Protein chains: 2
Amino acid sequence: MANTQSTKQEAPRRQTSARTPATRYAKGVARHGEILETAKRLFGEHGFRGTALRDIAAECGIAHSTLLHYFPTKQSLLMAVLAERDERARSESEHLERLDDILDFTRRIATTQGTDPGMIELTTKMMAEATDPAHPAHDFYKARSAQLVDNLTRLLEHAKQRGFLREGVDPRRASQGFFALRDGAQLQWLLDPASIDVPELLVWYQRSLFTEDDS
Amino acid sequence: MANTQSTKQEAPRRQTSARTPATRYAKGVARHGEILETAKRLFGEHGFRGTALRDIAAECGIAHSTLLHYFPTKQSLLMAVLAERDERARSESEHLERLDDILDFTRRIATTQGTDPGMIELTTKMMAEATDPAHPAHDFYKARSAQLVDNLTRLLEHAKQRGFLREGVDPRRASQGFFALRDGAQLQWLLDPASIDVPELLVWYQRSLFTEDDS
DNA sequence: CCTACCGATCGGTAGG
DNA sequence: CCTACCGATCGGTAGG
């Protein structure tokens, strides 16, 4: 495992029994990431309230008090998980400035399902749990949902101006409909994965919005 | 409270300090219903796992052990809540045999939102919580969702044979889409009631499925 | 319908 | 990174 030392390209260090600061740091970072990944998965499977810190810690092979060394409270762990998830989503939607990508936008969101089912599971279940106003992630998802709808609405408005939208399609309503369809379909998929093809359903919805000029 | 005795139409009973069996029975039934209503509301607000029996009992003015006299386990209380909710929904969809009602079907489902928001809140939140396979209501919602989709699919197939559906509308996909849209919209509505008009969104979706021959 | 209690579990802390 | 512990809370039971 520590074979990276075997090259000995650097000046030899003191061979004490204590690990070097660099090693300890790297190990800490790895633990940090391991906890995050495990938390992401378990929060997705059992929800935030349904997951105990002891469960996450056990899967990482540490005591739960050790986990609290990396994340001082359970809520801080949740926020870290949401921030990581959000950062990835943000970078995805960042390069959607060009209107050419609108058709591709929903398709990309749709196919994310296959890319990282764990992320989808987390997002959907946490959002559902966060409908409780007392839930620590309530404000996060409230703001996030509004932002998503607003972004897609803006894209659809531009598309409408260029004549890409079918008659009678209201940008805001269509945007709300897209995310409602996505979240509802994912809920159904979580209940019974074999019962529904989420990407296919979303692509079908998307096609019903645009005029038939995709080559 | 016990004024039903004042009519004295029956033979006079012994006037002991103990209440009559009839009175006790009526009181028990009332308690039973009171607990059910309170549980429905609190499960809707905080979910099943997020609601303690002590909270429900406290709102009914009894000890939590007294609640367990009426419902021996927490899960049995949940099942009673779901059964009552399901019975009402079943009687609603019972008289949908006639195909004339299809257009009205989704509209009825849509406007239920305004009729009993508590019921909607309960259904949506419990369904979301039940995506956890370990949740006691998992099988219930899995079966229930499939049944709803199947029922609407059948109605849409009949409508399609009669030429009521737009071209390219697949009954099954449209049915899945309807319930996905409903559940996702209700999720959004729970997060922020002011952000979305669920009935309006569902009626709009419904119109996109049928040909324009509604008077 | 209550008091009193059980064992289990929770998030978090102390102290090393 | 651990053991040991805290106070709080949980669903459920005993016994009246």
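Below, read A as the first sequence line, B as the second, and so on, with proteins coming before strands; counting in each chain starts at 1. From a predicted model like this one, the values you see are computed outputs, not experimental measurements.
Nucleic acid contact class of A/Ser76 (heavy atoms, under 4.0 Å, all strands): none. Within 4.0 Å (heavy atoms only), B/Gly61 reaches sugar-phosphate atoms of the nucleic acid but no base atom. Nucleic acid contact for A/Ser65: base, since at least one base atom lies under 4.0 Å from a heavy atom of the residue. Using a 4.0 Å heavy-atom criterion, one finds that A/Ile62 contacts the sugar-phosphate atoms exclusively. Within 4.0 Å of A/Phe71, counting heavy atoms only, lies no atom of the nucleic acid at all. Residue B/Leu53 is classed as a sugar-phosphate contact, given heavy-atom separations below 4.0 Å to backbone atoms only.
As a whole-Å value, the separation of A/Leu68 CG from D/dA4 C1' is 15 Å. In this structure, the CD1 atom of A/Ile56 is 11 Å from the P atom of C/dG12, given to the nearest Å. Here C/dG11 presents its P atom at 10 Å from CG of A/Leu67, a figure rounded to the nearest Å. The separation between A/Arg31 atom CZ and D/dC2 atom C1' is 12 Å, rounded to whole Å. As rounded to whole Å, 16 Å separates atom P of D/dA8 from atom CG of B/Asp55. Spacing between atom NE2 of A/His64 and atom P of C/dA14 amounts to 13 Å, rounded to whole angstrom units. Here C/dT13 presents its P atom at 15 Å from NZ of A/Lys74, a figure rounded to the nearest Å. One atom, OH of B/Tyr70, and another, P of D/dG12, lie 18 Å apart when rounded to the nearest Å.
Look at D/dG15: its Watson-Crick or wobble partner, with both distances under 3.5 angstrom, is C/dC2. D/dT9: Watson-Crick or G-U partner is C/dA8, with both key distances under 3.5 Å.
By the 30° and 60° cut-offs, the orientation of the rings of B/Tyr205 relative to B/Phe178 is tilted. Using bins of under 30°, 30° to 60° and over 60° for the plane-to-plane angle, the ring pair B/Tyr70/B/His32 lands in the perpendicular bin.
Ion pairing of A/Arg154 with A/Glu157 is absent here, as no side-chain N (NZ or NE/NH1/NH2) approaches a carboxylate O to less than 4.0 Å.
Between the B/Thr131 side chain and the A/Leu190 main chain, no donor and acceptor come within less than 3.5 Å of each other.
B/Phe48 has its side chain within reach of B/His135: a pair of non-hydrogen atoms, C-beta onward, lies under 4.5 Å apart.
Distances were taken from every side-chain heavy atom of A/Ala63 (C-beta onward) to each of D/dC1, C/dC2, D/dT3; the shortest belongs to D/dT3. Taking only side-chain atoms of A/Ala52, from C-beta outward, the nucleotide of C/dC10, D/dC1, D/dG12 with the closest atom is C/dC10.
For A/Arg54 and C/dG12, the shortest distance from a side-chain N or O to OP1 or OP2 is not below 4.0 Å.
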